[in-house]
Engineer: 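Shown below is the structure under consideration.
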Amino acid sequence: MSSLHSKLNTDVGYYPLFMNIAGKTCLVVGGGAVAERKVRMLLKFNAVVKLVSPEVTKGLLRLAETGRLHLEKRDYIENDLEGVVIAFAATDVENINSSIRAGAQKKNIPVNVVDNPRLCDFIVPSIVKKGPIVIAISTSGTLPSLSKRLKGLIADEIGNDYVRYADIVGKARKFLLDTEKDGKKRRMILSELGKMDIKEVNRMGFRKVKELFLTSGNK
């Protein structure tokens with residue numbers, strides 16, 4: 001095993017992974033603008049967000065007051081990591097961020113330390129989210145400004161037609177998985193749908209597309 005490890009490239013390699021955080025607790029430590037951006041993105045994916053910081057932005061305070069955020073206005077303690085699936089160290093104090101990193105390591109919790117890729121288990125890509133469409137863009141931590149530039153270019157290309165199409169086909173696929181047990185038939189129907197023009201699918205809408213599935217499934 002040691003000889004295999006010696007031959008491996010030890011350069012950082014970030015593996016892209018989409019993680020389901022809906023209904024799961026994510027910890028953010030810090031109360032500034034960076035922490036607020038992290039919180040707002042987590043909320044877009046229906047996470048339960050716990051924020052720990054003695055001082056917070058007005059935006060974070062409003063989120064807490066409306067019940068969208070669990071706020072603890074105090075200093076971080078290691079017990080804050082209990083029951084969380086991922087953690088973000090977003091303070092501007094190096095020793096606090098390092099403490100969060102050390103605590104997360106002991107509990108095998110992936111942690112992101114803002115502006116310090118060396119301490120990160122994962123980095124956060126630039127994200128384009130429109131309806132069910134999610135596109136993540138990364139330069140492996142080497143040039144965040146380019147990721148943001150690419151995000152803008154890609155976001156401009158993803159119009160409402162794509163969002164509506166993804167919604168219709170996503171619902172139709174779920175319907176098909178629930179009603180058609182024959183895997184070969186499912187693949188055939190999805191293949192037929194994939195050949196259809198996006199505008200045609202949008203014009204038909206979910207109900208007509210579903211009727212097409214039923215007809216195809218009964219052939």
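Count residues from 1 along the sequence.
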Engineer: So, taking the atom named NZ in K185 and the one named CG in L176, what distance separates them when rounded to the nearest 0.5 Å?
Structural biologist: 11.0 Å

Engineer: Do you know the tightest heavy-atom contact between A87 and L81?
Structural biologist: CB-CD2, 3.9 Å

Engineer: For the residue pair S147 and T139, what are the closest heavy atoms and their distance?
Structural biologist: OG-N, 3.3 Å

Engineer: Among pairs that include at least one residue of residues 114-125, which meet side-chain hydrogen bond (donor to acceptor under 3.5 Å, both in side chains), considering only residues two or more places apart or in two chains?
Structural biologist: R101-D121

Engineer: A quick test of your reading: do over 12 heavy atoms of other residues, nucleotides or ligands sit less than 6.0 Å from NZ of K107?
Structural biologist: yes

Engineer: Check whether any side-chain N or O of N112 sits under 3.5 Å from a backbone N or O of C120 as a donor-acceptor pair, and report yes or no.
Structural biologist: no

Engineer: Answer yes or no: does atom CD of E55 have more than 12 heavy-atom neighbours from other residues, nucleotides or ligands under 6.0 Å?
Structural biologist: no

Engineer: I'd like to check V134 versus I127 (side-chain heavy atoms, cut-off strictly below 4.5 Å). Are they in contact?
Structural biologist: yes

Engineer: More than 12 foreign heavy atoms under 6.0 Å from CZ of R173: is that the case here?
Structural biologist: no

Engineer: Of the non-hydrogen atoms in P54 and D75, which two are nearest, and what is the gap between them?
Structural biologist: CG-OD1, 3.5 Å

Engineer: Looking only at non-hydrogen atoms, find the nearest pair between L119 and S98 and report the distance.
Structural biologist: CD1-OG, 4.1 Å

Engineer: Sub-3.5 Å donor-acceptor pair from the side chain of D161 to the main-chain atoms of K199, do we have one?
Structural biologist: no

Engineer: Using the ring centroid of each side chain, check whether F122 and F88 are separated by less than 6.0 Å.
Structural biologist: yes

Engineer: Is D80 salt-bridged to R74, going by a charged N under 4.0 Å from an acidic O?
Structural biologist: yes

Engineer: Minimum heavy-atom separation for V111 to A104, with atom names?
Structural biologist: CB-CB, 3.9 Å

Engineer: What is the minimum heavy-atom distance between A172 and V209, and which atoms define it?
Structural biologist: CB-CG1, 3.8 Å

Engineer: Would you find a donor on one side and an acceptor on the other, under 3.5 Å apart, between the side chain of S140 and the backbone of T142?
Structural biologist: no

Engineer: Starting from the C-alpha separation in whole Å, work towards a yes-or-no answer on side-chain contact (heavy atoms from CB on, under 4.5 Å) for V49 and L63.
Structural biologist: CA-CA 10 Å; V49 183; L63 289 172; over 6 Å; no

Engineer: More than 12 non-hydrogen atoms from neighbouring residues, nucleotides or ligands closer than 6.0 Å to CD on E157, yes or no?
Structural biologist: no

Engineer: Please check if atom CD in E94 has more than 12 non-hydrogen atoms from other residues, nucleotides or ligands closer than 6.0 Å.
Structural biologist: no

Engineer: Taking side-chain contact (heavy atoms from CB on, under 4.5 Å) as the criterion, tell me which of I135, I158, N160 meets it with K130.
Structural biologist: I158

